[in-house]
Chemist: 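Dropping a structure here in structure tokens format, bear with me for questions.
Just the heavy atoms: all of them, side chains too, but no hydrogens, waters or symmetry mates, feed the values below.
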Amino acid sequence: MAVYQHDVVVVGAGLAGMRATLAAIQKGADVAMITKVHPVRSHSNAAQGGINAALTSRGDDWEEHAFETVKGSDYLGDQDAIEVMCQEAGPAIIEMEHMGVIFNRDEEGRLGTRRFGGQQRARTFFVADITGQAMLHVLYEQIVKARARVYEEWFVTSLVMEDGAVRGVAALEMLTGQLHLIKGKAVILCTGGTGRIYEPSTNGLIVTADGQSLAYHVGAPLMDMEMVQYHPTTLKGNGILMTEAARGEGAYLINKDGDRFMKTYAPNMMELASRDVVSRSEQTEINEGRGVDDCVFLDLRHLGRELIETKLSYINEVALDFANVNLAEKPVPIRPGNHYEMGGIKTDVNGRTSVRGLYAAGECACVSVHGGNRLGANSLLDTIIFGRRAGEAAAGDAQEVGESELTESALSPEREAIKKLMDRAPTSDTPAKIRLEMGRVMNEGVAVFRDEAGMQRALRTIVELKERYSRLAVHDKGQVFNTNLIFALEVGFMLDTAEAICLGAIARKESRGAHFRTDFPKRDDEGFMKHTMVTMGPRGPEISYTPVTVTKWKPQVRSY
Ligand SMILES: Cc1cc2nc3c(=O)[nH]c(=O)nc-3n(C[C@H](O)[C@H](O)[C@H](O)COP(=O)(O)OP(=O)(O)OC[C@H]3O[C@@H](n4cnc5c(N)ncnc54)[C@H](O)[C@@H]3O)c2cc1C
């Protein structure tokens, strides 16, 4: 057991965490970056399709990008934040390129773009279909070069408070099983999304809502958690992502009769309407009997083998390995599947939460730039813009904070809680059983189409699972790399967050973005053009609302 001290503590080493770390170091702060997996194994590594930016040198206009993001969000995104993101996007892409990201180029040798959904213009920069991997590895090089202190394979179990402010974290060193105190004058959560609350999901098994729950437990509100994105093209059976870049390059969506059904739902944008719209269209085709085995098809045959093998080689391999389909020869069965959480820990454009000393950036945060529905390729952008801003703000604020008096005794409650979990006698219940049950009910009740009864059923099950969780035992009693303990802690984080998702969804009695209720099928700007906030109160979760910031773009009917 030890106590470590830094100016800024960043939890997470995905794109947001690494960008925040780099920014804080450049501001002169002593920074610790903590991650439960090796940095380049973070989920950002799985990002495929690309990153958006409107480059003026390409005749593009940031305001057009901003408007399409606002429209994509179904008017729930905060327009001041969206303006910041879209204005800073161009320089951020160039900066990444100068750091070493080998973005694809066009025939003239300039940075190449492809078109993504919900946007009229091609403004998505990409590295084949491994954009996240390319960016993450380059940022990791910068982290190594900057000699950042990385606590690798350390698992943060709770935030540590002093005089009402966050001043550190309790972290389990996974190799030894020891719990340590890492003090920071500022703590930035960059812990990623919530994907594994659902089953299946495109997200890695490590995407378990840790930061959302950590922040929620110290009083930070979770905003718009009901806005859960289902991606239109996830592979039959296992939910692996087939990137939107396939449609960006021209792939079709067809039903069992070979019809390009999107002409019925989005005659102008067709397959490149925004994700909520395409997912609902597919689900309608499936529900009305025009699918096969709960799936429709993604058809790339007309794109030709060469394009598929150069620009979409990764999904080509995935389709072959996991569905036995050669994309140049056969349409591949796909369906809408859990992909992304638009909501998160509420922050301002500099990553500050309402709790002193606590910051958040990346998918775990809600700035809010995605509102009710995120445009494809806007999330990688979100991570590097708001990661940098949070890093700079935290490093600046830390200069004003004095030395903390916290000692190792601050870990006592956490040590007690873990000991209780470890000492309990094993039963037949396991973290995996609880997780799968949670994933199933969420995927049934809080998915593409929702109604009161289904959401209430999901909420009831989550509350029952929380009760079961309070009696859960960890079967492996060892100290070294106790993944059984880690899974158990992760399931706890997910149950808290799942409850917030259900509560927000039940309370929003309208349809907006990814939240579509068959019992309230219309958007209700009068009643619900506002952000849902779920806060942990003394007697459990409490719901309140806060207004949406509108700058230039008044709500309009949304059609594609
Ligand atoms: C398959 C897939 C493809 C995607 N493709 C695209 C795309 O093409 N374009 C786009 O814009 N977006 C895409 N997205 C979304 C985007 O990749 C993510 O939203 C984004 O990368 C999240 O980055 P992050 O830094 O917030 O979190 P992550 O990359 O998920 O990193 C989270 C970090 O937090 C750490 N962590 C978490 N909990 C703890 C804990 N308790 N203790 C210590 N460390 C912890 C983890 O170790 C990890 O380092 C895709 C997502 C998926 C799943």
Side-chain angles (χ1 to χ4, degrees), residues 45-53 55 58-60 93 96-97 100-138 202 231-238 240-255 258-263 269-273 275 278 282 295-335 339 375-377 380:
N45 196 57
Q48 302 175 356
I51 174 167
N52 290 332
L55 289 192
R58 307 293 299 265
D60 202 348
I93 295 281
M96 289 299 303
E97 208 264 345
V101 179
I102 35 130
F103 286 113
N104 274 44
R105 292 188 172 255
D106 61 17
E107 285 77 42
E108 289 153 33
R110 301 182 315 167
L111 291 182
T113 47
R114 56 167 53 124
R115 222 182 115 209
F116 251 53
Q119 305 177 78
Q120 298 286 351
R121 216 191 271 265
R123 65 164 67 89
T124 303
F125 296 87
F126 63 100
V127 181
D129 52 358
I130 55 160
T131 311
Q133 183 184 330
M135 291 175 64
L136 197 68
H137 280 257
V138 162
T202 63
H231 193 291
T233 54
T234 73
L235 201 58
K236 178 183 176 180
N238 51 34
I240 300 177
L241 183 74
M242 303 298 279
T243 176
E244 183 166 315
R247 282 171 288 139
E249 297 290 345
Y252 302 150
L253 288 170
I254 54 175
N255 61 19
D259 262 357
R260 281 181 74 187
F261 55 83
M262 284 310 298
K263 63 181 178 296
M269 301 284 268
M270 294 291 286
E271 282 85 357
L272 287 178
R275 288 180 176 174
V278 181
E282 292 178 358
C295 287
V296 286
F297 299 91
L298 181 68
D299 188 355
L300 286 81
R301 288 172 297 181
H302 56 288
L303 300 181
R305 201 176 293 275
E306 196 195 325
L307 186 144
I308 293 171
E309 285 176 359
T310 51
K311 288 183 162 172
L312 300 166
S313 58
Y314 175 70
I315 60 162
N316 193 32
E317 246 173 69
V318 167
L320 205 55
D321 289 349
F322 292 92
N324 198 25
V325 170
N326 185 328
L327 293 180
E329 291 166 9
K330 255 184 11 187
V332 63
I334 49 87
R335 62 190 318 273
H339 182 58
L375 295 186
L380 293 186

Chemist: Between Thr124 (side chain) and Ile51 (backbone), is there a donor-acceptor pair under 3.5 Å?
Modeler: no

Chemist: Whether the side chain of Thr234 engages the backbone of Arg335 through a donor-acceptor N/O pair (distance < 3.5 Å, no angle test) should be reported.
Modeler: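 Indeed, once roles are kept as given, a pair shorter than 3.5 Å links the two residues.
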
Chemist: Any chance you could lay out the side-chain contact (heavy atoms from CB on, under 4.5 Å) test for Tyr252 and His302, step after step, and finish with the verdict?
Modeler: CA-CA 9 Å; Tyr252 302 150; His302 56 288; 3.4 Å; yes

Chemist: State, to 0.1 Å, how close Leu380 and Thr131 come at their nearest heavy-atom pair, and which atoms those are.
Modeler: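 Closest heavy-atom pair between Leu380 and Thr131: CD1-CG2, 4.1 Å.
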
Chemist: With the side chain counted from C-beta on, respond yes when Thr113 and Phe103 share a heavy-atom pair under 4.5 Å apart, and no when they do not.
Modeler: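 The answer is no; the side chains never approach within 4.5 Å.
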
Chemist: So which atom in Phe297 and which in Pro331 form the shortest heavy-atom distance, rounded to 0.1 Å?
Modeler: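 Taking Phe297 first and Pro331 second, the nearest heavy atoms are CB-CB, 3.8 Å.
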
Chemist: Would a distance-only check, ignoring hydrogens and angles, find a side-chain to backbone donor-acceptor pair under 3.5 Å from Thr233 to Ile334?
Modeler: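 No, the answer is negative, given that no donor and acceptor are paired below the 3.5 Å cut-off.
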
Chemist: With rounding to the nearest 0.5 angstrom, report the CD to CD1 distance, Glu97 to Ile102.
Modeler: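 With rounding to 0.5 Å, CD (Glu97) is 10.0 Å from CD1 (Ile102).
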
Chemist: Could you list the residues that satisfy side chain to side chain donor-acceptor pair (under 3.5 Å) with Thr202, not counting sequence neighbours?
Modeler: His339

Chemist: If you round to the nearest 0.5 Å, how far is CZ of Phe126 from CG of Leu111?
Modeler: 10.0 Å

Chemist: Got a sec, which residues hit salt bridge (Lys or Arg N to Asp or Glu O under 4.0 Å) with Glu282, two or more places apart in sequence or on another chain?
Modeler: none

Chemist: Run the numbers on Asn45 and His137 for side-chain contact (heavy atoms from CB on, under 4.5 Å), then give the verdict.
Modeler: CA-CA 8 Å; Asn45 196 57; His137 280 257; 3.8 Å; yes

Chemist: What verdict does the side-chain contact (heavy atoms from CB on, under 4.5 Å) test give for Asp259 and Ile254, after you've listed the backbone C-alpha separation in whole Å, the side-chain angles of each residue and the deciding distance to 0.1 Å?
Modeler: CA-CA 5 Å; Asp259 262 357; Ile254 54 175; over 6 Å; no

Chemist: Can you list the residues that meet the salt bridge (Lys or Arg N to Asp or Glu O under 4.0 Å) rule with Arg115, with sequence neighbours excluded?
Modeler: none

Chemist: Would you say Asp321 has more than 12 foreign heavy atoms packed within less than 6.0 Å of its CG?
Modeler: yes

Chemist: Show the nearest heavy-atom pair for residues Val278 and Ala273, with the distance to one decimal.
Modeler: CG2-O, 3.5 Å

Chemist: So does Leu320 get a backbone contact from the side chain of Asn326, meaning a donor-acceptor N/O pair under 3.5 Å?
Modeler: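 Such a contact is absent between Asn326 side chain and Leu320 backbone.
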
Chemist: List, one per line, each side-chain donor-acceptor pair under 3.5 Å for residues 303-317, sequence neighbours excluded.
Modeler:
unit_1	atom_1	unit_2	atom_2	d
Arg305	NH2	Glu329	OE2	3.2
Thr310	OG1	Glu306	O	2.9
Thr310	OG1	Leu307	O	3.3

Chemist: If you take all heavy atoms of Ala245 and Gly49, which pair is closest and at what distance?
Modeler: CB-CA, 4.1 Å

Chemist: With a 3.5 Å distance limit and no angle check, can you tell me whether Glu271 reaches the backbone of Arg247 through a side-chain donor-acceptor pair?
Modeler: no

Chemist: Using every non-hydrogen atom in the two residues, find where Ala128 and Arg114 come nearest and quote the distance to one decimal.
Modeler: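 So the minimum-distance heavy-atom pair works out to O-NH1, 3.0 Å.
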
Chemist: With rounding to the nearest 0.5 angstrom, report the CG to CD distance, Leu272 to Glu244.
Modeler: 6.5 Å

Chemist: Is the shortest side-chain heavy-atom distance between Leu298 and Leu253 below 4.5 Å?
Modeler: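 Yes, side chains in contact.
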
Chemist: Of the non-hydrogen atoms in Leu300 and Ala251, which two are nearest, and what is the gap between them?
Modeler: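 Answer, listing the atom of Leu300 first, then Ala251: CG-CB, 3.8 Å.
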
Chemist: For Arg110, check salt bridge (Lys or Arg N to Asp or Glu O under 4.0 Å) against everything at least two apart and list the hits.
Modeler: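 Here the qualifying residues are Asp106, Glu108.
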
Chemist: Can you list every salt bridge (Lys or Arg N to Asp or Glu O under 4.0 Å) pair that touches residues 120-135, not counting sequence neighbours?
Modeler: Asp60-Arg121, Asp60-Arg123, Glu64-Arg121, Glu64-Arg123, Glu68-Arg123

Chemist: Quick one: does Asn255's side chain have a donor or acceptor within less than 3.5 Å of a partner on Val296's backbone?
Modeler: no

